[in-house]
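Below, each value reflects all heavy atoms present in this structure, side chains not excepted, and no hydrogens, waters or symmetry copies. All values derive from a computational prediction rather than experimental measurement.
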Amino acid sequence: MKSSVEGWGSGLVGVAIFSASLPATRVAVAGFPPLFLTAARAGIAALLGGALLLLLRQARPARADLGSLAIVAFGVVIGFPLLTALALQHITSAHSIVFVGLLPLATAIFGVLRGAERPKPLFWLFSLLGSAAVAGFALSNDGTMSPAGDLLMIAAIVLCGLGYAEGAVLSRRLGGWQVISWALLLASPVMLLLAIATCPPSWRVIEMPAWLGLAYVSVFSMLVGFVFWYHGLARGGIASIGQLQLLQPFLGLALAGLLLHEPVALGMILVTGLVVVCVALARRYA
């Protein structure tokens with residue numbers, strides 16, 4: 001019981017941090033090319049994660065764990081940040097955020113495939129209902145649809161779910177912040193070369209909001225958030241804690257309204273209530 005409560009508390013903090021990721025990316029991509037933004041955020045986070053590993057004298061992961069760390073790096077260090085940055089060139093922040101509501105289903109599926117978890121049938125029912133509520137909200141509240149942007153977001157969600165589930169399994173052996181730190185270091189050589197190749201031609205034209213967006217996604221989205229999130233998944237279960245992600249679109253939309261001045265519809269509040277119920281019921285039957 002203590003592990004479950006601790007897992008849900010840690011997971012909720014992670015979700016709150018991740019909720020600002022897409023609005024921050026939207027702001028950052030206005031000043032930085034998507035490829036450079038992806039590489040820079042990973043590189044900065046890798047420096048911080050590497051410093052923590054060195055200062056706290058963490059043991060190197062076993063050779064058998066390198067494949068799983070590569071999957072984590074491909075999913076959450078490279079895949080999700082890059083695909084969402086590209087998607088945000090075609091769709092609005094609000095439109096992109098609601099796709100995150102599909103993350104719990106993707107995470108649960110990969111939790112079954114990679115983590116050997118076996119949720120009860122009712123868990124899947126409430127998970128699908130919550131995902132359907134988010135998808136319906138997306139379609140009914142945003143008339144500016146872009147097939148390219150939508151496909152990029154779907155691909156990003158699939159890769160992120162894979163990275164979340166794989167990282168949660170590793171966290172049981174290595175620890176939450178250690179997993180994301182090692183994954184960042186593993187991807188850092190590629191990210192460094194990519195950053196050099198896609199460096200903006202001029203730094204003077206980049207405004208302060210873009211720099212602040214880069215700082216947030218580098219420190220919080222790429223490192224701090226994962227410390228709480230992977231700890232929560234490892235302690236409370238991948239499928240169960242993953243349902244907290246259903247709250248992320250609505251937290252993100254609220255932040256998008258505050259930061260980007262996008263309107264917040266009454267329907268968002270109503271659907272949020274339905275999603276909260278689905279999260280509670282999914283947790284009960286996980």
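Q248 CD to L255 CG: the interatomic distance, rounded to the nearest 0.5 Å, is 10.0 Å. Separating the CZ atom in R172 from the NE2 atom in H231 is a distance of 13.0 Å, to the nearest 0.5 Å. The CG atom of L170 lies 12.0 Å from the CG atom of L233; values are rounded to the nearest 0.5 Å. With values rounded to the nearest 0.5 angstrom, L52 atom CG is found 9.0 Å from Q58 atom CD.
Inter-residue side-chain proximity for R41 and P81 is flagged as met; some heavy-atom pair is nearer than 4.5 Å. A 4.5 Å side-chain heavy-atom check between M191 and I78 finds at least one atom pair inside the cut-off. No side-chain heavy atom of P23 sits less than 4.5 Å from a side-chain heavy atom of V27. Residues I109 and W124 have side chains in contact (heavy-atom distance under 4.5 Å, counting atoms from C-beta outward). Put simply, the side chain of H90 does not reach to within 4.5 Å of the side chain of L86, judged on heavy atoms. No side-chain heavy atom of F228 sits under 4.5 Å from any side-chain heavy atom of W177. Contact of the I241 side chain with the T107 side chain is not registered, since no non-hydrogen atoms from C-beta on lie closer than 4.5 Å. Taking 4.5 Å as the limit, every side-chain heavy atom of V76 sits out of range of all side-chain heavy atoms of L162.
Note on L35 and L192: separate hydrophobic clusters, where clusters join Ile, Leu, Val, Met, Phe, Trp and Tyr whose side-chain heavy atoms are under 4.5 Å apart, directly or indirectly. In the hydrophobic cluster analysis, where Ile, Leu, Val, Met, Phe, Trp and Tyr join through side-chain heavy atoms closer than 4.5 angstrom, L151 is grouped apart from L82. Under the 4.5 Å side-chain heavy-atom criterion for Ile, Leu, Val, Met, Phe, Trp and Tyr, L193 and L184 are members of distinct hydrophobic clusters. Both L53 and V224 are assigned to one and the same hydrophobic cluster, defined by single-linkage of ILVMFWY side chains at heavy-atom distances under 4.5 Å. Hydrophobic clustering, with ILVMFWY side chains joined whenever heavy atoms are under 4.5 angstrom apart, groups I157 together with L251.
Between T84 and L22, the closest heavy-atom pair is CB-CD2, 3.8 Å. Minimum interatomic distance between S171 and Y230 (heavy atoms only, all atoms of both residues): OG-CB, 3.2 Å. For the pair L37 and V29, the tightest heavy-atom approach, listed with the atom from each and the gap, is CD2-N, 4.1 Å. When all heavy atoms of S188 and L185 are compared, the pair lying nearest together is OG-O, 2.6 Å. Taking both residues in full, the closest heavy atoms of S181 and L223 are given as OG-CD1, 3.9 Å, listed atom of the first, atom of the second, then distance. Residues F36 and C199 share a closest heavy-atom pair of CD1-CA, 3.8 Å.
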### Verdict with reasoning, R60 to W182, per side chain to side chain contact (heavy atoms under 4.5 Å, CB included)
CA-CA 8 Å; R60 294 182 181 181; W182 286 118; 4.1 Å; yes
### Query
Does the pair L152 and L88 meet the rule for a side chain to side chain contact (heavy atoms under 4.5 Å, CB included), with working shown?
CA-CA 9 Å; L152 285 167; L88 286 167; over 6 Å; no
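Using a 30° and 60° split on the angle between ring planes, F18 and Y164 fall in the parallel class, below 30°.
For the pairing with M153, the side-chain contact (heavy atoms from CB on, under 4.5 Å) check across V158, I91, L83 returns one residue only, I91.
Under the side-chain hydrogen bond (donor to acceptor under 3.5 Å, both in side chains) criterion, S68 pairs with E166, sequence neighbours left out.
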Side chains of residues 213-221: which donor-acceptor partners sit under 3.5 Å, not counting sequence neighbours?
{"residue": "Y216", "atom": "OH", "partner": "I17", "partner atom": "O", "Å": "2.7"}
{"residue": "S218", "atom": "OG", "partner": "L214", "partner atom": "O", "Å": "2.6"}
{"residue": "S221", "atom": "OG", "partner": "S21", "partner atom": "OG", "Å": "2.6"}

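Using modelled atom types, no side-chain atom of Q89 and backbone atom of A87 make a donor-acceptor pair closer than 3.5 Å.
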